Amino acid sequence: MNSGVWEEVGCAKLWNEWCRTTDTIHLSPTEAFCVFYHLKSNPSVLLCQCSCYVAEDQQFQWLEKVFGSCSRKNMQVTVLTCRHVTDYKTAESTSSLHTPFLKALKTQNFREPLCCSLLEQPNIVHDLPAAVLSYCQVWKIPAVLYLCYTDVMKLDLITVEAFKPVLSSRSLRGLVKNCLAASQLCAAKALGKWCSRAVCGKHAGGEGAGRFRSCQRYSGPGRSGNTWNIPQSTEILKKLMTTNEIQSNIYT
Amino acid sequence: MFVPCGDSAPDLAGCTLLMPAVSVGNVGQLAIDLIISTLNMCKIGYFYTDCLVPMVGNNPYATAEENSTELSTNAEVYALPSRKLVALQLRSIFIKYKSKPFCEKLLSWVKSSGCAKVVVLSSSHSYHRNDLQLRSTPFRYLLTPSMQKSVQNKMQSLNWEEMEKTTCIPEIDESELCVRIPGGGITKTLYDEGCSKDIPVAVLLKFVSEGDNIPDALGLVEYLNEWLQMIKPCVQRDGPTAAALPWKIPSSWRLLFGSGLPPALF
């Protein structure tokens with residue numbers, strides 16, 4: 001999001017037992033948990049920043065509301081999310097794996113080359129990313145999910161850097177001006193069930209016009225050349241980490 | 001609810017629909033996996049529904065690099081047109097309060113698509129058996145009235161045991177007798193809906209406990225095969241040992257009990 005000017009165009013509010021923010025913690029805009037932005041220079045490019053857990057009995061309705069309001073024609077969807085490496089099933093012990101690492105799942109109509117290897121059987125994906133991908137597979141929308149398996153419970157730059165290959169993909173590189181700087185700044189968000197970025201956009205043809213990735217919100221002008229203002233990155237990172245801590249145990 | 005893979009809806013008139021109930025040990029689902037994998041059935045559509053928890057993964061029946069990249073969702077329909085067989089596989093649990101609406105939607109789709117009969121593969125808690133059931137075969141069947149007319153004789157010739165009725169309230173002997181399937185998930189609901197809507201439904205179940213339920217699934221598909229004759233045994237050249245049925249274990253059954261263990265554990 002630091003690579004362009006993004007304008008907020010909507011939000012999806014929901015509540016479930018996992019939403020435990022206090023009044024002093026505000027995810028802008030106030031009380032909205034899934035915020036939608038579009039790129040000002042190309043409004044057909046949409047980004048959704050999902051900072052809460054969408055419960056299993058809310059996922060279907062969330063999809064119908066979000067996807068129901070856009071035309072499926074020429075749409076392409078990219079989803080970025082994280083899971084703990086202990087969720088990953090492999091013949092070797094998970095402690096011997098080099099984390100973080102990226103895996104992908106794609107729908108039948110997705111034709112672009114992938115940035116990493118496919119998620120092998122018998123691994124599966126749950127929650128909102130699975131709901132989004134199921135919707136896209138059933139309704140024949142090209143979509144890809146990039147899933148980062150990491151061994152930490154708190155957001156860190158090493159996990160975020162694992163998404164670097166995605167930034168250089170054919171669809172996203174047109175949206176990210178400086179890949180190196182962007183990956184350092186980007187809080188591609190944390191772990192487990194309570195945060196996944198759903199990123200969707202209409203593919204208006206041409207490189208980079210279809211998709212984008214989610215980063216922290218850019219605010220304020222004044223970017224020159226390759227130097228980046230970091231007006232809110234640290235602040236937003238702190239907010240996301242606090243939200244993660246609050247939501248990590250529904251019994252506290 | 002049913003969304004075809006291709007552009008047009010497939011013709012399911014006269015087909016037999018095989019489906020699992022999400023039940024104890026997931027035996028029905030494992031059995032359907034075996035059937036789809038062995039008969040090499042191809043996917044013809046999805047059930048897109050708000051009743052099941054969403055999940056996705058790559059093709060669970062992959063046999064080679066080429067066919068391992070197809071995405072699979074939580075409810076898919078496969079077919080073998082040459083044998084007029086259709087299989088619905090359910091891969092996740094029901095969302096709270098949505099199991100009955102699912103059964104209603106499913107059976108109305110069955111009726112509208114013209115399926116000849118529905119066979120539900122299921123299981124029930126083995127610890128709920130009474131003395132008589134403990135001493136007999138662990139397999140049972142149940143038929144709705146519209147199914148009984150056509151199939152009851154076949155069941156009797158196979159010497160199959162019908163699911164016994166037990167007291168509706170287990171502790172009270174004077175209460176009415178009814179069919180109870182503890183641990184059977186939507187089995188009873190499907191059976192009751194089938195009875196009331198006059199749909200030919202057969203339930204085949206096994207009494208099982210949780211654990212490694214692969215042998216239970218193999219037992220259940222062989223039980224089904226006695227009736228439907230889906231596959232024939234392969235002839236063994238060496239000696240008079242009973243010919244085994246060549247069921248194909250799907251590739252996704254790997255690591256059923258988790259990842260490899262860290263060597264430092266020992």
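The shown structure was predicted, so the numbers you read here are calculated from the model rather than taken from an experiment. Per chain, numbering begins at 1; letters A, B, ... match sequence-line order.
Taking chain A as the reference chain and counting heavy-atom pairs below 4.5 Å, the highest number among V3(B), L261(B), V56(B) is found for V56(B). Counting heavy-atom pairs under 4.5 Å between each of E92(A), H126(A), E120(A) and chain B puts E92(A) at the top.
Summarising the geometry, atom CG belonging to L265(B) is positioned 9.0 Å from atom OG belonging to S93(A); distances are rounded to the nearest 0.5 Å. Note that the CG atom of D50(B) and the CD atom of E64(A) stand 8.5 Å from one another [nearest 0.5 Å]. Within the model, atoms CD of Q108(A) and SG of C5(B) stand 7.0 Å from one another, a figure rounded to the nearest 0.5 Å. If you take CG on L71(B) and CG on N109(A), they are separated by 11.0 Å, rounding to the nearest 0.5 Å. The distance from atom OG1 of T69(B) to atom CG of L114(A), rounded to the nearest 0.5 Å, is 9.0 Å. Distance NZ/K89(A) to CG/L255(B): 8.0 Å, rounded to 0.5 Å.
Residues M55(B) and A130(A) approach most closely at CA-CB, 3.7 Å, considering heavy atoms. Contact detail for G6(B) and K140(A): the closest heavy-atom pair is O-NZ, 3.8 Å.
With E56(A) contributing its side chain and I95(B) its backbone, the two residues share no donor-acceptor pair below 3.5 Å. Side chain of T90(A) to backbone of S259(B): no donor-acceptor contact under 3.5 angstrom is found. Judged by distance alone, with hydrogens and angles left aside, the side-chain atoms of N58(B) form a donor-acceptor pair with the main-chain N or O of L119(A) at under 3.5 Å.
Of the two parts of S96(A), neither the backbone nor the side chain holds a non-hydrogen atom closer than 4.5 Å to a non-hydrogen atom of chain B. With a threshold of 4.5 angstrom between heavy atoms, T49(B) approaches chain A through N, CA, C or O but not through any side-chain atom. When heavy atoms are compared at a cutoff of 4.5 Å, L145(A) does not approach chain B at all. Looking at C51(B), neither its backbone nor its side chain comes within 4.5 Å of chain A, counting heavy atoms on both sides. For a residue to count as touching a neighbouring chain, one of its non-hydrogen atoms must lie under 4.5 Å from one of that chain's; by this rule Y135(A) touches chain B with backbone and side chain alike. If you measure heavy-atom distances from D57(A) to chain B, the contacts under 4.5 Å come from both the backbone and the side chain. Within the 4.5 angstrom heavy-atom criterion, only backbone atoms of P4(B) (N, CA, C, O) approach chain A. N74(B) does not touch chain A: none of its heavy atoms, backbone or side chain, sits under 4.5 Å away.
Checked against salt bridge (Lys or Arg N to Asp or Glu O under 4.0 Å), K197(B) has the following partners two or more places apart in sequence or in another chain: E193(B).
Separation of the Y48(B) and F60(A) ring centroids falls under the 6.0 Å cut-off.
S68(B) places a side-chain heavy atom less than 4.5 Å from the side chain of Q121(A).
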